[in-house]
K.L.:
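The structure under discussion is supplied below as structure tokens; questions concerning it will follow.
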Amino acid sequence: MRIKLYGILKDLIGPEVKIGVDKPITIHELLTLLNDMSGGNLREWLDKVRVAVNGEIVESAGAIIKPGDEVAVLPPSAGG
Amino acid sequence: MRIKLYGILKDLIGPEVKIGVDKPITIHELLTLLNDMSGGNLREWLDKVRVAVNGEIVESAGAIIKPGDEVAVLPPSAGG
Amino acid sequence: MGSVKVGIVREEIDVGAIINEFKALGREGFGAVVVFVGVVKGLVEGAAVSELKYEAYEELAEKILTRIAEEEMRKHGLGAVAIYHRVGDLKPGDTTVYIVVAARGRREGFAAAAEILNRVKHEAPIYKLEVREDGEFWVIGDGERVPRPPAQRGS
Amino acid sequence: MGSVKVGIVREEIDVGAIINEFKALGREGFGAVVVFVGVVKGLVEGAAVSELKYEAYEELAEKILTRIAEEEMRKHGLGAVAIYHRVGDLKPGDTTVYIVVAARGRREGFAAAAEILNRVKHEAPIYKLEVREDGEFWVIGDGERVPRPPAQRGS
């Protein structure tokens, strides 16, 4: 599963990471995995990020991501 | 004394009127004169108009206008 | 004090050029350009409008526009203000008034533009006659409409 | 439903051309065009800014800009909405965001433009890194600044 990252998350984790999962996981599980992989770097951002799955924001932490989904983890927006 | 008029006052009185005065008069006296000349047409506008003397709005009805002053009588503004 | 541009004008203004000029003030910390462009409406109170005839006491109007621009610039800490008002016979879709401000931020910018517009409407000696399918109306103040007095139509 | 134009763009937009297009809606009763142009500030919190580096999740950002435009158009009864946001390395005085609305009147126009700007800031997946004389800062939300994490500088 390939995860794209944006903004400050790119600095904390990298622009893209691959996670070796072959079954569906929840958004909560994904974020926990990412935080572990980054040595806890993501900790203070966990309740601020938004996750997009296949080009749509998914609000529920319990929502399921399947292998093959296009996933992006987004920090708070800062347009304008 | 030549008085210029704008907006609806032009329709009610004319774009410019000459008043034969050779001594200073107050703005109140000027408006009374104009109203008489127009057969009372100005009556409902008397408390809404503004008078400009020599290119500046003069608020006080008791202010003095001298022969030779440049005078304009203005209805409520409607810019925009 | 920043730049003030005002005018009573007969033609359309190149508002894009003013925006381009004002955005350069970003370098001095002015991060917002807010623009209001007024347009002649083709339909008012359900009646088709064919023309708005604007006239102004021009010298006084420009003096008052300058005063509004300078006072609002101070009040909102603006970097630049432009106010142009058109006169003449305007058709639906024609522009009537242009207000452009360069502000430190969006809040000051929106507040200043709205306030300047309001003052232009109420303070500048500018008058408009609305020519509609159902008659001719002088617009008085912010929206009151008075039928054009019929006796003097020819004047 | 009126016209909606949105985009994540690399170059400046000809905002004058959009204003010209939207003012034609005066004929249909839309008498106000309101514009907001955001500009990179050369000075933030007393520090000189040399660059703002913007990036976006572009497909999603354009989808969200479209949704904002359509929802605000309905809410404020607008005739047209344009929202363009730039990405790339921008210098002080460069434009960052363009919002243009055609509204029935000034109140709806100012309210809609301010609200659209607010939603763009908070909802669109757009990120900015402020490069200042005193360091690099990620701007988070509406103004919080977080020093760029040093460990990954090279990435």
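Heavy-atom basis, side chains included; hydrogens, waters and symmetry copies ignored.
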K.L.:
Out of curiosity, D/His122 NE2 to D/Leu117 CG, how far, rounded to the nearest 0.5 Å?
P.N.:
9.5 Å
K.L.:
If you count the non-hydrogen atoms of other residues, nucleotides and ligands that lie under 6.0 Å from CD in C/Glu11, is the total more than 12?
P.N.:
no
K.L.:
Taking side chain as C-beta onward, heavy atoms only, is D/Met73 less than 4.5 Å from D/Val4?
P.N.:
yes
K.L.:
Checking heavy atoms, do the side chain of D/Arg107, its backbone, both or neither come under 4.5 Å from chain C?
P.N.:
side chain
K.L.:
Taking the six-membered ring of C/Phe137 as reference, does the cationic atom of C/Arg132 (NZ for Lys, CZ for Arg) lie under 6.0 Å from its centre and within 45° of its axis?
P.N.:
yes
K.L.:
Quick one: ring-ring contact (aromatic ring centres under 6.0 Å, His included) partners of D/Phe30, sequence neighbours excluded?
P.N.:
none
K.L.:
Give me the atom names and distance for the closest heavy-atom approach of C/Glu62 to C/Thr66.
P.N.:
O-OG1, 2.8 Å
K.L.:
May I ask you to name which of D/Pro92, D/Ala24, D/Ala17 has the most heavy-atom pairs under 4.5 Å with chain C?
P.N.:
D/Pro92
K.L.:
Side chain, backbone, both or neither: which part of D/Ala113 has a non-hydrogen atom closer than 4.5 Å to chain C?
P.N.:
both
K.L.:
Do the charged groups of C/Glu70 and C/Lys75 touch, with an N to O distance under 4.0 Å?
P.N.:
no
K.L.:
Taking D/Gly16, D/Gly29, D/Ala102 one by one, which has the highest count of heavy-atom pairs under 4.5 Å against chain C?
P.N.:
D/Gly29
K.L.:
Looking only at heavy atoms, which of residues 52-59 of chain D get nearer than 4.5 Å to chain C?
P.N.:
none
K.L.:
Cation-pi check, C/Arg106 to D/Phe36: give yes when NZ or CZ is under 6.0 Å from the six-membered ring centre and within 45° of the ring axis, no otherwise.
P.N.:
no
K.L.:
I'd like to verify something: which residue of C/Val34, C/Asp14, C/Thr96 has the highest number of heavy-atom pairs under 4.5 Å with chain D?
P.N.:
C/Val34
